[in-house]
Amino acid sequence: MKALWLLARLRLKEMIHSPATAALYLGMPLALLVIVATVFADGHPFERKTLAVVGRAAAPSGTWELLAGLPGLRLREDASLDAAIARLHTRAASGVLIFDPSPRLLVGPRDNLFGRGLVTLLPGPPRLEIVPLHRWGYVHFIFPGMLAITVIAGGLFGMGYAMARYRNNQFLKKLATTPLSRSTFVAAQIGSRAALVLLQVALLGIAGRFLFDLPLGPVGAAWLALLTLLGLLCFLGVGFALACFVRDESNLLDLINVLIMPLVFLSEIFFPVDALPAPLALFARALPSTELVRLTRAVLLYGETSPAALLPGLAILCAWTLATFTVAVASFKWHDR
Amino acid sequence: MQEVIAVEKLARRFGPITALDDVSFTLAGPQVIGILGPNGAGKTTLLEILQGLQEATRGTVRLFGAPLDPRRYPRRRIGVVMQREFVFDRITAFEYADLFAAIHRVPRGREAILLAAGLEARADLPVQRLSGGESQRLFIAAASVHAPDLLFLDEPTTHLDPESKRAIGLRLRELAARCTVVLTTHDLREADAVCDHAVFLVDGRVKAEGSRAALCDAVPEGRRTGRGLEDAFFHFCAARLAEGGGLA
């Protein structure tokens, strides 16, 4: 009995070995509760319907204001019909309202009731069309999110945890006594992790293409590889920077675990950021992971490949990458003196 | 022989703890130099300062006749074997040798490392499955593949069996033909068998320093037991304790 008590006590001591670890262990469920409560403060984001509107300029006067005043309805304007229909297929929109040349409302079979109700409210009224939707549409929607999770985990664990482990095992100290340059060491870490993550993404892409009819062609695959590399560099930079400030291996591991959960909720992986409460949406939009998901979705699902349209997002990702690597490289030391 | 390391009034403090205090000596090479002392004497701290891994709180260090500047440390002229060497999971002796040959940019260095370590036939084994003596031979061979002028080893034979200790000692003697080997140990008999020169470090202070012969000769005839540096170490430590009023 005493052995049981001692073993249990030692294990507890091992798990909660420092005030920081104890705070993480005890604080993490609370933090998670706060995050989830904030994210879902207005109910599940998919409780509210998103209506994609095409050709707003041709809408009868007062229509937009009428729609904007409906509780539980979110409006978004789409420049092209194709993009709006792609949103319908991926369940990112519950309906597509088209005004030009004649008013039509497209909805999926499951939103028949919503469509019938909506047309009765609108002037015109628009013609209701029930469109058969792609079976795996929502899987297509969350595919970029799976990619983002792979990149986030690969970056944070791949660089952050590895660096902390090397520091704790004195490997960095050993390397400091050799002529190996810091850039060679960092490039090796990036290269190995990039190879692994690209392989993971390639497998994801193949599975997505052949199991779930993901619209992934050669151009999409090339964009996917580029975005993966850019996103990975960004999160490797975050992991690198974290490892420069949090020296202890297990503390870093706890911190990464704490970071991943909100990143998954706030990066538009499962639902659009616009569905979040306003201040949280503002924060979520600034995350590099959100930009990665949006860019991937734009390229793969909405057929956007024009550099001009993608440039702002790419610039944000590049800025994040540059910022995190600058902080990390400036703070990196082989060892503490 | 010429001056390799010169240390003057070196001190290192960690908060309220003084790890090294007023340490001064000059060491010439090539030869085997032992920094001897009990656990906690400050041996590793001293070694890390000499390796450019730590900064002294006070005092100066000269390496190869030039003041030690950690930013321009002569990494190509030194080799280091740490007290606990890190090895990647499942890395083989072959891969380990390959890595350090590449880091030091030595053509055919991998073969040289495996040959020096006597591991050509066991190159495909994971390092973690090698015996303690084999691993240590591999680490020493990898740290000296670039023919450094100065080789540091922190407790290189701790936990090794006597046969392995002897083999490591022989290897260090071979290396000392062209390279200054500085090792720390608390094994006085091993030091006696290997070292040409010794620094006795206790509680962060140098109790005595000199060639093996000079240190042994300083022991009064009546206190010699034929154990060389071990006799000398206890002679100088006892003398210091007597000065402090402890045991005398």
Side-chain angles (χ1 to χ4, degrees), chain A residues 18-20 153-154 157-197 199 236 239-240 243-244 246-253 328-337, chain B residues 12-14 19 44-45 47-57 61 63 68-89 91 96 99-106 109 127-128 139-140 142-148 150-155 182:
Chain A
S18 72
F157 285 109
M159 184 62 102
Y161 179 65
M163 295 288 283
R165 180 168 161 253
Y166 291 158
R167 182 176 288 113
N168 278 6
N169 290 327
Q170 311 239 324
F171 185 51
L172 294 185
K173 212 175 223 185
K174 167 83 180 193
L175 292 181
T177 67
T178 71
L180 187 77
S181 69
R182 291 197 305 183
S183 54
T184 306
F185 175 73
V186 172
Q189 304 308 308
I190 292 172
S192 60
R193 189 47 64 164
L196 193 63
V197 171
L199 183 66
L236 284 172
F240 194 18
C244 291
V246 183
R247 325 291 279 179
D248 184 80
E249 193 176 326
S250 55
N251 282 354
L252 187 71
L253 206 56
V329 169
S331 352
F332 176 72
K333 287 188 283 188
W334 286 116
H335 54 89
D336 294 317
R337 290 185 188 280
Chain B
R12 179 67 167 112
R13 292 197 180 84
F14 298 98
T44 299
T45 303
L47 215 57
E48 290 198 347
I49 290 173
L50 298 179
Q51 291 162 359
L53 296 174
Q54 281 194 38
E55 280 175 6
T57 310
V61 178
L63 224 52
L68 190 153
D69 178 355
R71 285 163 301 180
R72 302 170 72 178
Y73 193 84
R75 291 191 178 86
R76 294 193 184 279
R77 297 184 68 183
I78 70 148
V80 171
V81 178
M82 306 194 77
Q83 198 173 105
R84 279 191 303 272
E85 283 282 334
F86 168 81
V87 287
F88 290 93
D89 291 341
I91 188 174
Y96 187 90
L99 173 66
F100 280 90
I103 286 175
H104 290 292
R105 295 183 191 168
V106 179
V127 176
Q128 282 152 334
F139 300 147
I140 292 171
S144 56
V145 65
H146 55 303
L150 179 57
L151 179 65
F152 293 108
L153 304 102
D154 195 2
E155 310 266 8
V182 178

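Lettering follows sequence order; numbering is per chain, from 1.
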**Study point:** Contacts of type side-chain contact (heavy atoms from CB on, under 4.5 Å), residue A:S331, not counting sequence neighbours
**Key:** A:C244, A:F245, A:V327

Point to revise | Whether A:F171 and B:F86 hold their rings parallel, tilted or perpendicular, with breakpoints at 30° and 60° | key: tilted

Point to revise | Per-residue contact mode, B:F152 against chain A (heavy atom under 4.5 angstrom) | key: neither

Exercise for review: Select one option (side chain, backbone, both, neither) describing which atoms of B:Q83 are under 4.5 Å from chain A's heavy atoms.
Suggested key: neither

**Study point:** For A:R165 against B:D89, the heavy-atom pair lying closest together
**Key:** NH2-OD2, 3.8 Å

Practice item. Spell out, as yes or no, whether a donor-acceptor pair under 3.5 Å connects the side chain of B:R84 to the backbone of A:N169. Key: no

Does any non-hydrogen side-chain atom of [Y] lie less than 4.5 Å from one of [X]?
X	Y	value
A:T178	B:V80	no
B:H104	A:P179	yes
B:E85	A:Q170	no

Review point. Could you state the interatomic distance from CD (B:Q51) to NZ (A:K173), rounded to the nearest 0.5 Å?
Key: 8.5 Å

Review point. So does B:D154 pair up with A:K174, basic N to acidic O under 4.0 Å?
Key: no

Check your understanding: When only heavy atoms count and the cut-off is under 4.5 Å, which of residues 180-195 of chain A reach chain B?
Key -> A:L180

